[in-house]
J.: 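The structure under discussion is supplied below as structure tokens; questions concerning it will follow.
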Number of protein chains: 2
Amino acid sequence: MNKQTEILEYINKKISSEGYSPSVREIGKAVNLKSTSSVQYHLDNLIKKGLLSKKANLSRSLSNNKRNKTFLSVPIIGEISAGSPLLAEENKIGEIPVVEERYNKDLFALKVKGDSMIDAGIYDDDIVVVDKNIEPKNGDIGAFMINDTEATVKYLDTISGKKYLIPANKNYENFEVNENTQPVGKVVSLFRDI
Amino acid sequence: MNKQTEILEYINKKISSEGYSPSVREIGKAVNLKSTSSVQYHLDNLIKKGLLSKKANLSRSLSNNKRNKTFLSVPIIGEISAGSPLLAEENKIGEIPVVEERYNKDLFALKVKGDSMIDAGIYDDDIVVVDKNIEPKNGDIGAFMINDTEATVKYLDTISGKKYLIPANKNYENFEVNENTQPVGKVVSLFRDI
DNA sequence: AAATTTTTCGAACATTTGTTCTAATTTATG
DNA sequence: CATAAATTAGAACAAATGTTCGAAAAATTT
């Protein structure tokens with residue numbers, strides 16, 4: 001392999017595994033270059049090619065131009081154990097990546113069970129991302145807790161003055177919002193494995 | 001705001017904007033702490049709380065524990081400029097995160113236009129991830145290039161010996177596969193903003 | 001008000017680190 | 001083979017950086 005690409009790959013590996021850039025000397029050790037100036041030589045070339053960025057005189061400031069985006073993970077909540085809070089660790093069944101611009105502390109994801117929202121394009125086993133910051137309004141798809149034990153995803157709407165959770169499937173009935181129905185947040189995005 | 005969270009947020013901001021960790025002194029300057037040891041004091045606490053990681057004696061080695069580094073980005077392809085290869089930079093309209101275990105070099109994403117796959121739960125403006133490594137088989141949903149200028153997402157199936165691209169919408173017609181139809185890959189997952 | 005805990009400061013120190021310069025070595029080129 | 005170009009090495013330097021210690025200041029508790 002080319003020394004330059006060898007260096008670039010080592011930098012990528014280091015950043016993604018450790019979370020920070022290697023130093024010039026670490027690079028040299030990793031790719032068998034005994035002199036720091038040899039490493040500098042290749043770094044300069046990589047920077048000229050636009051493949052790498054770095055701040056002058058600044059330690060461990062290398063960053064890959066091609067893959068720089070950071071993603072944050074949001075927990076996926078599965079079945080909710082009776083009595084445990086929704087976001088309890090025991091209910092977590094996985095993680096889903098979210099782009100940083102969209103991330104906030106009140107995001108979480110739910111695995112949808114059943115076909116009650118199929119006409120909204122939400123299928124069994126789909127994963128929906130819920131923002132607890134946003135209270136679902138009429139017409140929104142929201143996540144709701146029923147009796148503190150079950151999370152459900154439905155349309156919210158008002159019919160003749162009463163609020164209902166409304167499935168997107170003719171085979172299911174509307175459910176009138178009562179004191180055991182707690183809005184959790186608005187559904188903002190959806191993932192599916194095909 | 002709490003000094004500790006102020007520091008944590010500054011570190012996050014710095015890493016995501018610059019691509020590398022700030023130094024102790026940079027943190028101090030950012031959050032108005034005149035002594036490096038004051039910063040150390042808070043860093044130690046953050047590490048004890050498990051919110052932060054760092055290597056001893058190593059400059060700019062801070063990394064956020066909540067931040068998952070195992071996500072990689074896959075390009076989203078929009079409209080395909082005539083004559084340009086599918087994955088050309090000019091066709092790229094964004095990026096989408098993919099968990100590392102699932103990542104491979106032949107993944108890319110397409111923005112779906114129209115409602116021809118609506119009965120498969122794929123809606124207008126949905127984004128589907130395509131794996132060029134997997135050739136779509138009968139019954140699969142695949143991405144296909146037509147005349148090298150248009151990418152389309154359809155079911156693939158064989159009807160009385162002939163291969164067809166089959167929409168999931170009664171209002172659209174099946175399309176017989178011909179020499180201008182190139183399979184690109186299999187659709188493996190789906191994203192939607194709601 | 002006194003005692004205790006938390007937080008901040010200042011200075012000093014040992015390393016780490018990026019940079020630069022010149023020369024040696026290897027590789028490609030005519 | 002001779003020459004030029006690309007690559008590597010070694011050493012030295014200045015700046016950046018993490019760490020530690022004791023004391024002061026501020027906030028909290030008793």
Side-chain angles (χ1 to χ4, degrees), chain A residues 1-70 105, chain B residues 1-69:
Chain A
M1 194 189 342
N2 184 7
K3 207 101 214 173
Q4 244 173 64
T5 59
E6 198 181 343
I7 287 178
L8 192 57
E9 286 190 10
Y10 171 70
I11 294 171
N12 289 341
K13 203 184 79 181
K14 180 83 179 183
I15 291 179
S16 85
S17 69
E18 304 291 337
Y20 52 85
S21 157
S23 70
V24 174
R25 283 164 182 84
E26 285 172 347
I27 296 171
K29 188 171 276 184
V31 303
N32 267 313
L33 284 175
K34 295 192 182 82
S35 169
T36 55
S37 66
S38 306
V39 178
Q40 295 272 17
Y41 171 77
H42 290 294
L43 290 181
D44 286 346
N45 286 340
L46 284 165
I47 290 167
K48 269 180 201 149
K49 285 185 181 173
L51 297 170
L52 212 57
S53 287
K54 105 178 169 38
K55 285 279 196 303
N57 298 308
L58 209 48
S59 64
R60 297 180 185 276
S61 67
L62 292 168
S63 68
N64 185 332
N65 282 347
K66 283 266 172 92
R67 102 151 72 134
N68 198 10
K69 282 236 168 164
T70 50
K105 281 164 284 180
Chain B
M1 196 188 343
N2 183 6
K3 208 100 214 175
Q4 244 173 63
T5 59
E6 197 181 343
I7 287 178
L8 193 58
E9 286 190 11
Y10 171 69
I11 294 171
N12 289 342
K13 204 184 79 182
K14 181 82 179 183
I15 291 179
S16 80
S17 68
E18 303 291 336
Y20 51 86
S21 157
S23 71
V24 173
R25 282 165 182 83
E26 284 172 348
I27 297 171
K29 188 171 277 184
V31 303
N32 267 313
L33 284 175
K34 295 193 183 82
S35 168
T36 55
S37 66
S38 306
V39 178
Q40 295 272 17
Y41 170 77
H42 290 295
L43 290 181
D44 287 345
N45 286 340
L46 284 165
I47 290 167
K48 269 181 201 149
K49 285 186 182 173
L51 297 170
L52 211 58
S53 287
K54 103 176 171 40
K55 285 278 196 302
N57 297 311
L58 209 49
S59 63
R60 298 180 185 276
S61 67
L62 293 167
S63 69
N64 185 333
N65 281 348
K66 286 269 176 83
R67 175 175 266 105
N68 196 326
K69 290 150 235 130

J.: Starting from P on D:dA16, measure out to CD1 on B:Ile27 and report it in whole angstrom.
T.: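 Value for this atom pair: 17 Å.
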J.: Does A:Arg60 use its side chain to pair, donor to acceptor, with the backbone of B:Ser59 at less than 3.5 Å?
T.: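 Yes, the answer is positive, given that a donor and an acceptor are paired below the 3.5 Å cut-off.
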J.: For the residue pair A:Ile27 and A:Tyr10, what are the closest heavy atoms and their distance?
T.: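 Scanning both residues completely, I find the closest heavy atoms to be CA-CE2, 3.8 Å.
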J.: Report the distance from atom CD of B:Gln4 to atom C1' of C:dT8, rounded to the nearest whole Å.
T.: 14 Å
J.: Take atom OH of B:Tyr41 and atom P of D:dA26, then tell me their distance rounded to the nearest Å.
T.: 16 Å
J.: Rounded to whole angstroms, how far apart are NZ on B:Lys29 and C1' on C:dC9?
T.: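 Computing the B:Lys29:NZ to C:dC9:C1' distance gives 17 Å.
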J.: Treating primed atoms plus P, OP1 and OP2 as sugar-phosphate and everything else as base, which nucleotides of nucleotides 12-25 of chain C get B, S or - for protein heavy atoms under 4.0 Å?
T.: -----BBBBB----
J.: Between D:dT28 atom P and B:Asn2 atom CG, what is the distance in whole Å?
T.: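 Value for this atom pair: 11 Å.
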J.: Compare side-chain N and O positions of B:Lys34 against OP1 and OP2 of C:dC9 and report whether any pair is under 4.0 Å apart.
T.: yes
J.: Within the 4.5 Å heavy-atom criterion, are B:Lys29 and B:Glu26 side-chain neighbours or not?
T.: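 Contact flag for B:Lys29/B:Glu26 side chains = no.
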J.: Would you mind reading off the distance between B:Leu33 atom CG and C:dG10 atom C1', rounded to a whole angstrom?
T.: 13 Å
J.: To the nearest 0.5 Å, how far apart are CG in A:Asp44 and CD in A:Gln40?
T.: 6.0 Å
J.: For a quick test of reading the model: is some side-chain N or O of A:His42 closer than 4.0 Å to OP1 or OP2 of D:dT8?
T.: yes
J.: Please report, rounded to the nearest Å, how far the P atom of D:dA6 is from the CG atom of A:Asp44.
T.: 14 Å
J.: Short question: side chain of B:Ser38, backbone of B:Leu33 - any donor-acceptor pair under 3.5 Å?
T.: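 No; zero donor-acceptor contacts below 3.5 Å.
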J.: With no hydrogens and no angle check, is any side-chain donor or acceptor of B:Lys54 less than 3.5 Å from a backbone partner on B:Ile47?
T.: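 Between the backbone of B:Ile47 and the side chain of B:Lys54 there is no qualifying donor-acceptor contact (under 3.5 Å).
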